[in-house]
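Working notes for the structure below.
The first residue in the sequence is number 1, and the count goes up from there. It should be emphasised that the depicted structure is a prediction, and the values quoted were computed from it without experimental measurement.
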Amino acid sequence: MARQKRPIRRLVRFLLGVFAGLAAIPLLLTPVYLVAEPVSVPMLTRMLTGQRVVREWRDIDAISDRLKAAVILSEDGQFCRHWGIDLGALRDEIDNYLAGREARGASTITMQVARNLFLWNRQSVVRKVLEVPLAAYIDLVMPKKRIMEIYLNIAEWGPEGEFGVAAGAERAFGPPPQNLDWRTASLLAVTLPNPLLRNPARPNAGLLRVAGIVEERARQYGERASCVGKDGRLAL
């Protein structure tokens, strides 16, 4: 009987070792990413499979304040206020799941950073559960401005391997992502949920409508995104 238990114990120890090793990756890399320019899992996947990857890192102060406000008001309106997790939205998501209703999302910008840096894109309950502690840890280690800088530089912004706002803006409009007008900033912001299908350069009526809503919100409530501005202020 004792001999039969030994392989099981070895397997358990091996699995625990693998789990500990995987858990150590974000714990060790997150402080490194305070100064280093990270590569996301989708970027790394494309690189390893020989697919095109375009990314030019931009300092957050060199990115349009209107774009920053539009992204936050579109993706995560409480970004400057929560600790990486929007608890209200997360509770609603859990209630929807338990009731068998369609999920709405509830991913904050910080949770999206956690997913892009350390997890996978395919939707699953396991991934969502892992995002929560990772987002809390990232928010603990990094200031909001750095989290936003990483997000804007690793988000997938085009269908052909364009990552980050510089590549996304250049593909769609040509100009660098400084001094964008409200229309351009809002169209770039609403491209993020589905950059494979949404084209800000040739928006359909639906995308224009959503961009208009985001523009109106950002104009009215843009100061809610001031935590990512230079010296805590946005020039809108």
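Note that CG of Asp139 is 14.5 Å distant from CZ of Arg146, once rounded to the nearest 0.5 Å. Atoms CG and CH2, from Leu67 and Trp182 in turn, are 9.5 Å apart once rounded to the nearest 0.5 Å. The line from CD of Glu149 to NZ of Lys145 is 8.0 Å long, rounded to the nearest 0.5 Å. Here CG of Leu130 is found 5.0 Å from CH2 of Trp120. Values are rounded to the nearest 0.5 Å. Here the straight-line distance linking atom CZ of Arg46 with atom CZ of Arg55 works out to 14.0 Å at 0.5 Å rounding. In this structure, the separation between CD on Glu215 and CG on Leu73 is 11.5 Å, given to the nearest 0.5 Å.
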Fill in: Gln112/Ile147 under side chain to side chain contact (heavy atoms under 4.5 Å, CB included): CA gap, chis, key distance, verdict
CA-CA 10 Å; Gln112 292 180 59; Ile147 295 171; over 6 Å; no

Practice prompt. Go through the steps to decide whether Asp65 and Lys230 satisfy the test salt bridge (charged side-chain N to carboxylate O under 4.0 Å, His left out), and finish with yes or no.
Written response: CA-CA 9 Å; Asp65 283 353; Lys230 191 173 184 178; over 6 Å; no

Discussion item. Pair Glu37, Asn153 - check side chain to side chain contact (heavy atoms under 4.5 Å, CB included), show working.
Written reply: CA-CA 9 Å; Glu37 298 176 2; Asn153 280 286; over 6 Å; no

Fill in: Step-by-step side chain to side chain contact (heavy atoms under 4.5 Å, CB included) determination, Gln78 to Thr108
CA-CA 8 Å; Gln78 301 299 316; Thr108 63; over 6 Å; no

Worksheet item: Please walk me through it: do Val39 and Met47 pass side chain to side chain contact (heavy atoms under 4.5 Å, CB included)?
Response: CA-CA 10 Å; Val39 174; Met47 290 175 183; 4.2 Å; yes

Fill in: Worked check of salt bridge (charged side-chain N to carboxylate O under 4.0 Å, His left out) between Glu216 and Arg219
CA-CA 5 Å; Glu216 184 177 349; Arg219 283 178 179 271; over 6 Å; no

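Looking at every heavy atom in both residues, Leu187 comes nearest to Ala211 through CD2-CB, 3.7 Å. Across all their heavy atoms, Tyr33 and Ile150 have their closest contact at O-CD1, 3.8 Å. In this structure, Ala135 and Met111 approach most closely via the heavy-atom pair CB-CG, 3.5 Å. Taking every heavy atom of both residues into account, Ala69 and Leu234 meet most closely at CB-CD1, 4.3 Å. Here the shortest heavy-atom pairing between Pro143 and Leu34 reads CD-CD2, 3.9 Å. Counting all heavy atoms, side chain and backbone alike, Pro42 lies closest to Asn121 at CG-ND2, 3.4 Å.
The same ILVMFWY cluster, assembled from side-chain heavy atoms under 4.5 Å apart, contains both Leu134 and Ile25. Note on Trp57 and Met148: same hydrophobic cluster, where clusters join Ile, Leu, Val, Met, Phe, Trp and Tyr whose side-chain heavy atoms are under 4.5 Å apart, directly or indirectly. Under a hydrophobic clustering in which Ile, Leu, Val, Met, Phe, Trp and Tyr are joined whenever their side-chain heavy atoms come within less than 4.5 Å, directly or via other members, Met43 and Ile138 fall into different clusters. Criterion: ILVMFWY side-chain heavy atoms under 4.5 Å apart, direct or through other members. Under it, Val141 and Leu119 are part of a common hydrophobic cluster. Neither Val190 nor Phe163 shares a network with the other; the hydrophobic side chains, linked directly or stepwise wherever heavy atoms of I, L, V, M, F, W or Y lie under 4.5 Å apart, form separate groups for each.
For the pair Leu28/Val32, no side-chain contact is recorded, criterion being any heavy-atom separation below 4.5 Å from C-beta on. Put simply, the side chain of Arg52 reaches to within 4.5 Å of the side chain of Glu162, judged on heavy atoms. Side-chain contact between Arg81 and Cys227: absent, with no pair of heavy atoms (C-beta onward) separated by less than 4.5 Å. Taking the side chain as every heavy atom from C-beta outward, Arg127 and Arg115 approach each other to under 4.5 Å. Within the 4.5 Å cutoff, side-chain heavy atoms of Leu192 are placed close to those of Trp157. Here the side chains of Pro195 and Arg171 are not in contact, with every heavy-atom distance at 4.5 Å or above. Taking the side chain as every heavy atom from C-beta outward, Phe79 and Val71 never approach each other to under 4.5 Å. In this structure, Arg224 and Ile72 have side chains that are not in contact, with every pair of non-hydrogen atoms separated by 4.5 Å or more.
A donor-acceptor contact shorter than 3.5 Å is absent between the side chain of Thr30 and the backbone of Leu27. With hydrogens and angles disregarded, no donor-acceptor distance shorter than 3.5 Å links the side chain of Asp231 to the backbone of Arg233. Listed for the Asp76 side chain is a donor-acceptor partner under 3.5 Å among the backbone atoms of Ile109. Looking at Asn116, its side chain never comes within 3.5 Å of a backbone N or O of Ser40 through a donor-acceptor pair.
When the shell of 6.0 Å around CH2 of Trp83 is examined, it contains 12 or fewer heavy atoms from other residues, nucleotides or ligands.
Looking only at atom types and distance, the side chain of Lys144 has no donor-acceptor partner in the side chain of Thr110 under 3.5 Å away.
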